[in-house]
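What follows is a single structure, written as structure tokens, with notes after it.
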Amino acid sequence: MEIGTKFRILSIDEEKEVQYYLKRMFIQKGYKFFAAQSGKDGITQITNGCPDLVLLDLILPDMDGMDIIKKVRSVSDCPMILVSSKGKEKDKVSALDAGADDYITKPFGSEELMARIRCALRYRRKYGSKNVYEYDGLKVDYERRLVIVDGKQIHLTPVEYRIMEYLTMNSGKVVTYQMLLEKIWGPYVSENNKILRVNMTNIRRKIGDDPAEPKYIFTESGVGYRMAESED
């Protein structure tokens, strides 16, 4: 079974044939696939959709590929693999220096691409040996992207899951509002944390955490949030 089951893959590529091929391949292997045919659309989807990995062609109709890499890196640290017909060494080096994780040249083999994706996901997840957060009936399984309370799976939106993931991976520490805003929505997000408060309200409701008598997520007034420290 692919490790990518339920992982969200975004491909930014203007070639419709390539997008069609990738869509069929990823859906067959259990990935969730999203497509953008311009750099602007791709950056919008990254900001709003929180993909787990981005495939990017350097040749796009509206933006230079290197600029896209830098813009993506300004809003997300998700793994990014360049998939391009520009196969010169200097192109690869420039892309990697700009923030890409890997580079594969068109035409490519499906198995090689899948292997590079698996490697990028493993390397960039940064979990080390810790794959699960557990505390008093709450469990976050990072590999399977599951949130479970008292044995029951809780359905979170992609943004809600990323908030939970970041808080639990920093359990016991105070995470400021601005840190969360920038981590989830990027450095150019408004300092107004209304969007964060709305998502936190939904998360607490779904996991059964009363903010008046919290068990999991504690509010540090005027500062941010602190997740109960993991039991392991």
Side-chain angles (χ1 to χ4, degrees), residues 1-85 95 98-104 106-125 142-147 155-166 183-186 188-189 195 199 202:
M1 179 179 292
E2 294 287 346
I3 68 164
T5 301
K6 295 186 179 181
F7 280 95
R8 300 163 60 88
I9 308 296
L10 170 65
S11 172
I12 307 175
D13 194 314
E14 70 170 332
E15 295 186 52
K16 294 182 179 180
E17 295 82 2
V18 172
Q19 297 284 39
Y20 178 72
Y21 169 74
L22 291 175
K23 180 178 180 179
R24 289 185 60 187
M25 180 178 71
F26 286 125
I27 290 177
Q28 183 181 27
K29 292 181 178 295
Y31 289 66
K32 293 183 178 180
F33 179 76
F34 302 86
Q37 291 184 296
S38 69
K40 183 178 180 180
D41 182 28
I43 292 171
T44 298
Q45 289 200 46
I46 290 169
T47 303
N48 297 331
C50 306
D52 295 294
L53 183 140
V54 173
L55 300 176
L56 171 66
D57 190 351
L58 287 177
I59 303 174
L60 290 165
D62 60 336
M63 297 175 65
D64 179 80
M66 295 302 172
D67 290 336
I68 294 174
I69 296 173
K70 294 173 183 177
K71 286 183 179 296
V72 169
R73 278 289 166 258
S74 74
V75 299
S76 173
D77 62 354
C78 67
M80 187 176 358
I81 299 177
L82 273 293
V83 182
S84 180
S85 57
D101 294 87
D102 201 352
Y103 196 118
I104 187 168
K106 294 179 180 179
F108 53 86
S110 60
E111 291 306 313
E112 179 184 4
L113 177 60
M114 294 308 304
R116 289 175 182 269
I117 287 173
R118 290 192 296 268
C119 181
L121 287 170
R122 285 196 300 265
Y123 181 76
R124 292 297 298 274
R125 304 274 305 163
Y142 302 125
E143 288 295 336
R144 295 191 297 161
R145 297 175 63 83
L146 295 179
V147 176
H155 298 284
L156 301 181
T157 67
V159 169
E160 290 167 359
Y161 176 81
R162 288 198 68 192
I163 293 172
M164 277 291 288
E165 181 184 65
Y166 191 67
K183 180 67 178 179
I184 307 303
W185 288 279
Y188 304 116
V189 68
I195 188 173
N199 279 276
N202 291 336

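For reference, positions follow the sequence shown, starting with 1.
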Validation row: [X], [Y] side chains within 4.5 angstrom (heavy atoms):
X: Phe7; Y: Arg145; value: yes
X: Tyr31; Y: Met114; value: yes
X: Ile46; Y: Pro51; value: yes
X: Leu56; Y: Leu82; value: yes
X: Glu112; Y: Arg116; value: yes
X: Ile27; Y: Lys23; value: yes
X: Leu55; Y: Leu113; value: yes
X: Arg162; Y: Tyr166; value: no

Can you confirm whether Tyr20 is buried at OH, in the sense that more than 12 heavy atoms of other residues, nucleotides or ligands lie under 6.0 Å from that atom? no
So does Lys70 have more than 12 non-hydrogen atoms from other groups sitting under 6.0 Å from NZ? no
With rounding to the nearest 0.5 Å, note down the distance linking [atom1] in [X] to [atom2] in [Y].
X: Asp67; Y: Leu60; atom1: CG; atom2: CG; value: 11.0 Å
X: Phe108; Y: Ser84; atom1: CZ; atom2: OG; value: 11.0 Å
X: Ile12; Y: Asp41; atom1: CD1; atom2: CG; value: 8.0 Å
X: Gln45; Y: Arg8; atom1: CD; atom2: CZ; value: 9.0 Å
X: Met25; Y: Leu22; atom1: CE; atom2: CG; value: 5.0 Å
X: Arg118; Y: Leu53; atom1: CZ; atom2: CG; value: 12.5 Å

Can you check whether [Y]'s main-chain N or O pairs, donor with acceptor, with [X]'s side chain at less than 3.5 Å?
X: Glu14; Y: Gly39; value: no
X: Glu165; Y: Tyr142; value: no
X: Asp101; Y: Ile81; value: no

Hey, mind stepping through Lys40 and Asp62 against salt bridge (charged side-chain N to carboxylate O under 4.0 Å, His left out) and telling me if it holds? CA-CA 7 Å; Lys40 183 178 180 180; Asp62 60 336; over 6 Å; no
For [X] and [Y], work out which heavy atoms get closest and say how close.
X: Gln19; Y: Ser11; answer: OE1-OG, 2.7 Å
X: Ala98; Y: Met66; answer: CB-SD, 4.4 Å
X: Leu10; Y: Ala36; answer: CD1-N, 4.2 Å
X: Ile59; Y: Ser85; answer: CD1-OG, 3.8 Å
X: Leu156; Y: Glu160; answer: CA-OE1, 3.5 Å

